[in-house]
*Asks:* 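Structure provided below as structure tokens; questions to follow.
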2 protein chains.
Amino acid sequence: MTIRLLLGDDEVLVRGALAALLSLEPDLSVVAEASSGTEAAALAPAVRPDLAVLDLEMPPGDGLAAAAEIRARLGVPVVLVTRHARPAILRRALAAGVRGFVPKTTPAVRLAAIIREVHGGRRYVDPDIAAAALNERPCPLTARELEVLRATRHGAPVSEIARAVHLAPGTVRNYLSGAMAKLQAPTRHAAARTAWEQGWI
Amino acid sequence: MTIRLLLGDDEVLVRGALAALLSLEPDLSVVAEASSGTEAAALAPAVRPDLAVLDLEMPPGDGLAAAAEIRARLGVPVVLVTRHARPAILRRALAAGVRGFVPKTTPAVRLAAIIREVHGGRRYVDPDIAAAALNERPCPLTARELEVLRATRHGAPVSEIARAVHLAPGTVRNYLSGAMAKLQAPTRHAAARTAWEQGWI
DNA sequence: GAGCCGTGCTGACATTTGTCATCAGTACCC
DNA sequence: GGGTACTGATGACAAATGTCAGCACGGCTC
């Protein structure tokens, strides 16, 4: 009895290659492919796969929302594949009900085994990321600080950030100042960069 | 007679998947794999592949330098695979002697055919990118402006940029001002972002 | 040779940004 | 009830940044 897979990745070439890789296994078959999170979520109810393998980075929006929806609405277990495997992201993924968390540094030959594990009801989490997640410094930023930093990422001036977040410019500067102090960054752009690298935004 | 391939990609999972994809073809065989540009360049002389398939984004450094070296030293044709397929990057790739330019939006089934084309002595360039390259606006920035923008990308303050580029802070501000005007960006960070998205830095 | 452009610098100026103190309301915990 | 933390704001101040003009040099072209 074969495990029927839904495969989601925005890079067609990578998706096709992953499909080829998984098709080498006699007990796995890719029954649907999606280029975005929304497409994956839309396809899942019709296809009813046994398991979904989704890339985390699928603009527009992230694969995480799709993963959460697919799991919640259909009870289909989801394995997330990601390029930027940060502890904070793992945390969010687990909170969303993801059953497998696989960074792209994982050897290709192990993917099939991981899929079988997860399909068998177990979880799989990359051991390195898990270890890092256990002794990471927790995110020191507040919700508003994160929101303001998010709006900072595209290089916009403070006035524009203030409009985007519906705050007074002075308040925005205060939050930015706090975030910069906590992150020991010389400018808000450096702070936004660090926060992003940590997976906090 | 099979075509012997050197495969370079920093993401092990993707590299393995691509290897699986290409191994499905009877006339292709992956004889070596590399995780970085330098590793690929180091492996090539010993392995002497018929063709190299390299990812453009392979930190540290880009795959472009490795591609140029492999082609120049061994005469091995190179197919570049890339996520950010910008006209400016295509231009640089062609200048480096790359024979094939494949964005990751290419259907996986066509990769083998492209490899055979290039191995047969022809070139392959993604038609969309090529078309875009023909009527793109040329980069309006000068060499120094580009250099200063490059140093801007990590969110460093002007003083630091000045040290990195060996210029007076005032001069740096002038170049940045010029670049921002040409790119119609409100801040230097926005300008650096645009320049990067265009493939200019 | 004159004109243009890129490079590199300075100084002056306005604006933006970062820092800090302060205030007020809300929520939460001890 | 008091302490603490987050939110949201204002005002004042210093530093960084952006803008502009001007000057000098070298290379290039017409």
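Values below: all heavy atoms of this structure, side chains included; hydrogens, waters and symmetry mates excluded. The chains referred to below are lettered A, B, ... by the order of the sequence lines, with proteins before strands, and numbering in each begins at 1.
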*Asks:* In this structure, how many angstroms lie between the C1' atom of D:dC6 and the CD atom of A:Glu147, rounded?
*Replies:*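 So the two atoms are 13 Å apart, to the nearest Å.
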*Asks:* Return each pair, listed once, that meets side chain to side chain donor-acceptor pair (under 3.5 Å) where at least one residue sits in residues 158-172 of chain A; pairs must be two or more places apart or across chains.
*Replies:*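 Of all non-adjacent pairs touching residues 158-172 of chain A, none passes side chain to side chain donor-acceptor pair (under 3.5 Å).
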*Asks:* Can you tell me if CZ on B:Arg122 sees more than 12 non-hydrogen neighbours from other groups inside 6.0 Å?
*Replies:*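 Yes, because the 6.0 Å sphere around CZ of B:Arg122 holds more than 12 heavy atoms from other groups.
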*Asks:* Does any pair with a residue in residues 106-116 of chain A pass side chain to side chain donor-acceptor pair (under 3.5 Å), and if so which ones, sequence neighbours excluded?
*Replies:*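 Output for this query lists A:Glu25-A:Arg116, A:Asp27-A:Arg116, A:Arg110-A:Tyr124.
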*Asks:* For A:Val125, what residues pass the side-chain contact (heavy atoms from CB on, under 4.5 Å) criterion, not counting sequence neighbours?
*Replies:*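 By the side-chain contact (heavy atoms from CB on, under 4.5 Å) rule, A:Val125 matches A:Leu90, A:Leu94, A:Ala130.
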*Asks:* Just distance, no hydrogens or angles: give the donor-acceptor pairs under 3.5 Å from side chains in residues 95-104 of chain B, sequence neighbours left out.
*Replies:*
unit_1	atom_1	unit_2	atom_2	d
B:Arg99	NH2	B:Gly121	O	2.9
B:Lys104	NZ	B:Asp55	OD2	3.4

*Asks:* Which residues pass the side-chain contact (heavy atoms from CB on, under 4.5 Å) test with B:Arg48, not counting sequence neighbours?
*Replies:*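 Result, side-chain contact (heavy atoms from CB on, under 4.5 Å) vs B:Arg48: B:Leu74.
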*Asks:* Name the atoms and distances for all side-chain donor-acceptor pairs under 3.5 Å in residues 12-22 of chain B, with sequence neighbours left out.
*Replies:*
unit_1	atom_1	unit_2	atom_2	d
B:Arg15	NE	B:Glu33	OE1	2.8
B:Arg15	NH1	B:Asp9	O	3.1
B:Arg15	NH1	B:Ala34	O	3.1
B:Arg15	NH1	B:Ser35	OG	2.9

*Asks:* To the nearest Å, how far apart are B:Leu183 CG and D:dT19 P?
*Replies:*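 Distance, rounded to whole Å: 13 Å.
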*Asks:* Not counting sequence neighbours, which residues clear side-chain contact (heavy atoms from CB on, under 4.5 Å) with A:Arg144? List them please.
*Replies:*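 A:Thr142, A:Glu147, A:Leu167, A:Tyr175.
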*Asks:* Can you name the ring pair (Phe, Tyr, Trp, His ring centres under 6.0 Å) partners of A:His154, sequence neighbours left out?
*Replies:*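 Ring pair (Phe, Tyr, Trp, His ring centres under 6.0 Å) check on A:His154 returns nothing, list empty.
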*Asks:* Sugar-phosphate means primed atoms, P, OP1 and OP2; the rest is base. With that split, encode nucleotides 6-22 of chain C 5' to 3' as B, S or - using protein heavy atoms under 4.0 Å.
*Replies:* -SSBB------BBBBB-
*Asks:* Mind checking what makes side-chain contact (heavy atoms from CB on, under 4.5 Å) contact with B:Thr194, not counting sequence neighbours?
*Replies:*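 side-chain contact (heavy atoms from CB on, under 4.5 Å) check on B:Thr194 returns B:Leu183.
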*Asks:* What residues from residues 191-201 of chain A pass a heavy-atom cutoff of under 4.0 Å to DNA chain D?
*Replies:*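 Of all residues in residues 191-201 of chain A, none places a heavy atom under 4.0 Å from DNA chain D.
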*Asks:* Five pairs at each end of the helix from C:dG1-D:dC30 to C:dC30-D:dG1: take the axis at both ends and give me the angle between them to 10°.
*Replies:*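 Taking five pairs per end, the axes differ by 30°.
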